[in-house]
Amino acid sequence: VQLQASGGGLVQAGASLRLSCSAPGRAFSNGVMGWFRQAPGKEREFVTAIRWSGRSTHYADSVKGRFTISGDNAKESVSLQMNSLKPEDSAIYYCAATNSRLIISRLRDDIAYDYWGRGTLVTVSS
């Protein structure tokens, strides 16, 4: 399954962007969909995830209060609303998904996710 991500771009600090990720025809009904990001010279890091069972959402401390993940009722797509963007948010953002019911402590492990999108570039200028 190839996840399809879109919505990246170049914005100024303080602006907003919305990323989208879909898996047409594939619902992760009991699993997790989320976003990771990787800045140049850094390791890939967890950003946010939504667990479909219970629809709980989880965020990295660095984005809490600024980013919001949401999903459609069909559980085939998620969106990431990013507000008050900072230069340090600049990275390639990857959509990820798994059918597994991950426990909270595993949400941040990229190896726990089975499906990935190709990444979309977000650049925030100061």
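At least one side-chain heavy atom of Pro24 sits less than 4.5 Å from a side-chain heavy atom of Gln4. Contact of the Arg37 side chain with the Val63 side chain is registered, since non-hydrogen atoms from C-beta on lie closer than 4.5 Å. Residues Leu17 and Asp89 have side chains not in contact (no heavy-atom distance under 4.5 Å, counting atoms from C-beta outward).
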Determine, step by step, whether Arg118 and Gln2 satisfy the side-chain contact (heavy atoms from CB on, under 4.5 Å) criterion, reporting the C-alpha distance in whole Å, the side-chain angles of both residues, the deciding distance to 0.1 Å, and the verdict.
CA-CA 8 Å; Arg118 292 187 178 181; Gln2 179 70 58; 3.7 Å; yes

Please determine whether side-chain contact (heavy atoms from CB on, under 4.5 Å) holds for the pair Phe28 and Leu3, giving the CA-CA distance in whole Å, both sets of side-chain angles, and the decisive distance to 0.1 Å.
CA-CA 12 Å; Phe28 298 92; Leu3 303 179; 4.2 Å; yes

Test side-chain contact (heavy atoms from CB on, under 4.5 Å) on Gln81 and Ser70; report intermediate values, then the result.
CA-CA 8 Å; Gln81 179 66 39; Ser70 59; over 6 Å; no

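Using modelled atom types, no side-chain atom of Tyr94 and backbone atom of Ala5 make a donor-acceptor pair closer than 3.5 Å. Between the side chain of Ser90 and the main chain of Val124, a donor-acceptor pair closer than 3.5 Å is present. With Arg108 contributing its side chain and Tyr59 its backbone, the two residues share a donor-acceptor pair below 3.5 Å. With hydrogens and angles ignored, the 3.5 Å screen pairs no side-chain donor or acceptor of Arg51 with any backbone N or O of Arg101.
Atom CG in Leu102 sits 11.5 Å away from atom CG in Asn30 (nearest 0.5 Å). Once rounded to the nearest 0.5 Å, the distance linking OG1 of Thr98 with CG of Asp114 reads 4.0 Å. The OG atom of Ser79 lies 8.5 Å from the CD1 atom of Ile69; values are rounded to the nearest 0.5 Å. Between Leu19 atom CG and Thr48 atom OG1 the span is 11.0 Å, to the nearest 0.5 Å. Rounding to the nearest 0.5 Å places OG1 of Thr68 at 11.0 Å from CE of Met82. Residue Trp35 holds its CH2 atom at 13.0 Å from CZ of Phe46, rounded to the nearest 0.5 Å.
Taking Asp110 as the reference, Arg44 meet the salt bridge (charged side-chain N to carboxylate O under 4.0 Å, His left out) condition, with sequence neighbours excluded. Considering only residues two or more places apart in sequence or on other chains, Arg106 meets the salt bridge (charged side-chain N to carboxylate O under 4.0 Å, His left out) condition with Asp109.
Closest non-hydrogen pair, Trp52 versus Ser77, comes out as CH2-O, 3.9 Å. Contact detail for Ser16 and Asn83: the closest heavy-atom pair is OG-OD1, 2.9 Å.
By the criterion of side-chain heavy atoms lying less than 4.5 angstrom apart, applied directly or through intervening Ile, Leu, Val, Met, Phe, Trp or Tyr residues, Val11 is grouped together with Phe67 in one hydrophobic cluster. Put simply, Leu107 and Val47 are part of two different groups of oily side chains (I, L, V, M, F, W, Y) that touch within less than 4.5 Å, one to the next. Cluster membership for Tyr93 and Trp116, using ILVMFWY side-chain heavy atoms within less than 4.5 angstrom, is not shared.
Relative ring orientation between Tyr113 and Phe36 is described as perpendicular, the plane-to-plane angle rising above 60° on a 0-90° scale split at 30° and 60°.
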